[in-house]
Amino acid sequence: MEGSLKEIRLFHTDCGNKFKNKAIEELPETFNIERSLSHKGCPCDNAVAEATFKAIKTEFIWNETFADLKDLKLKLWDYVNWYNHHRIHSSLGYQTPVQYRENNLKKVV
């Protein structure tokens, strides 16, 4: 795993007033964190992020202990691999995200 994945730090918020202040804008830049914002007036952007974070918290983090950051990264990589390649999603017609993407790419080509 070492060296094969690009680490991306992401901070996702909506465009609400509580996120429009100097500290919130400077903090991600200070720590080399990419800022992700929902589009104004489009709650769907935030819904996807919130659903993803809920799944990570309830399926991955709940009752889990990590020895150190390396252990967390390894287990998170395993979880994301399982989530994308093995976990079926009712919203995707009971397919994995990878199956869904591959089946829909065939329709486009």
Side-chain angles (χ1 to χ4, degrees):
M1 186 176 98
E2 198 70 36
S4 64
L5 296 175
K6 179 182 177 192
E7 185 175 287
I8 298 173
R9 295 179 177 146
L10 189 65
F11 176 60
H12 180 81
T13 66
D14 60 26
C15 291
N17 285 334
K18 62 186 171 215
F19 298 109
K20 292 182 181 178
N21 65 61
K22 190 174 182 179
I24 291 289
E25 291 181 14
E26 289 177 352
L27 190 65
E29 187 175 310
T30 301
F31 291 98
N32 198 25
I33 298 172
E34 189 172 327
R35 185 101 189 259
S36 168
L37 292 169
S38 296
H39 292 93
K40 188 173 182 176
C42 183
C44 297
D45 292 354
N46 216 33
V48 172
E50 288 180 16
T52 301
F53 293 135
K54 180 183 178 192
I56 290 170
K57 287 190 277 187
T58 58
E59 296 177 355
F60 172 62
I61 294 177
W62 181 255
N63 276 338
E64 185 67 64
T65 304
F66 308 102
D68 53 28
L69 185 58
K70 185 176 180 179
D71 184 41
L72 167 64
K73 287 180 179 183
L74 180 63
K75 289 179 178 176
L76 181 58
W77 188 89
D78 285 343
Y79 172 77
V80 170
N81 182 61
W82 169 79
Y83 187 91
N84 285 329
H85 294 272
H86 302 283
R87 183 185 187 275
I88 60 171
H89 301 258
S90 60
S91 62
L92 302 178
Y94 296 95
Q95 301 175 88
T96 69
V98 170
Q99 289 169 329
Y100 182 82
R101 183 188 66 208
E102 288 172 353
N103 290 334
N104 283 292
L105 283 176
K106 290 175 189 174
K107 294 175 186 176
V108 174
V109 178

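Hydrogens, waters and symmetry mates are skipped; everything else that's a heavy atom, side chains included, is used. This one's a predicted model, so the numbers in the text were calculated from it and none came from an experiment.
- Contacts of D71 classified as side chain to side chain donor-acceptor pair (under 3.5 Å), with partners at least two apart in sequence or in another chain: K75.
- At a threshold of 4.5 Å between non-hydrogen side-chain atoms, the residues H85 and V98 count as touching.
- Under the 4.5 Å side-chain heavy-atom criterion for ILVMFWY residues, a single connected hydrophobic cluster contains both L76 and F66.
- Put simply, I61 and W82 are part of the same group of oily side chains (I, L, V, M, F, W, Y) that touch within less than 4.5 Å, one to the next.
- A salt bridge (Lys or Arg N to Asp or Glu O under 4.0 Å) check over residues 89-99, counting only residues at least two apart or in different chains, returns nothing.
- The minimum heavy-atom distance between N84 and P97, with the atom names listed, is O-CD, 3.4 Å.
- Within 6.0 Å of the CG atom in N32, the count of heavy atoms belonging to other residues, nucleotides or ligands does not exceed 12.
- Within the model, atoms NZ of K70 and NZ of K73 stand 10.5 Å from one another, a figure rounded to the nearest 0.5 Å.
- Listed by first and then second residue, the salt bridge (Lys or Arg N to Asp or Glu O under 4.0 Å) pairs involving residues 52-61 are E59-R87 (not counting sequence neighbours).
- Taking CD of E102 as the reference point, atom CG of N104 lies at 10.5 Å (rounded to 0.5 Å).
- Other residues, nucleotides and ligands place more than 12 heavy atoms under 6.0 Å from the CZ atom of F60.
- Hydrophobic cluster membership is shared by I56 and V80, with clusters built from Ile, Leu, Val, Met, Phe, Trp and Tyr side chains linked at under 4.5 angstrom.
- Residues meeting the ring pair (Phe, Tyr, Trp, His ring centres under 6.0 Å) test with H89, sequence neighbours left out: Y83.
- Taking the side chain to side chain donor-acceptor pair (under 3.5 Å) definition, one finds that N103 meets it with Q95, sequence neighbours left out.
- Remark: D78 pairs with no residue by the salt bridge (Lys or Arg N to Asp or Glu O under 4.0 Å) rule, at least two apart or across chains.
- The distance from the CG atom of N81 to the OH atom of Y79 is 12.0 Å, given to the nearest 0.5 Å.
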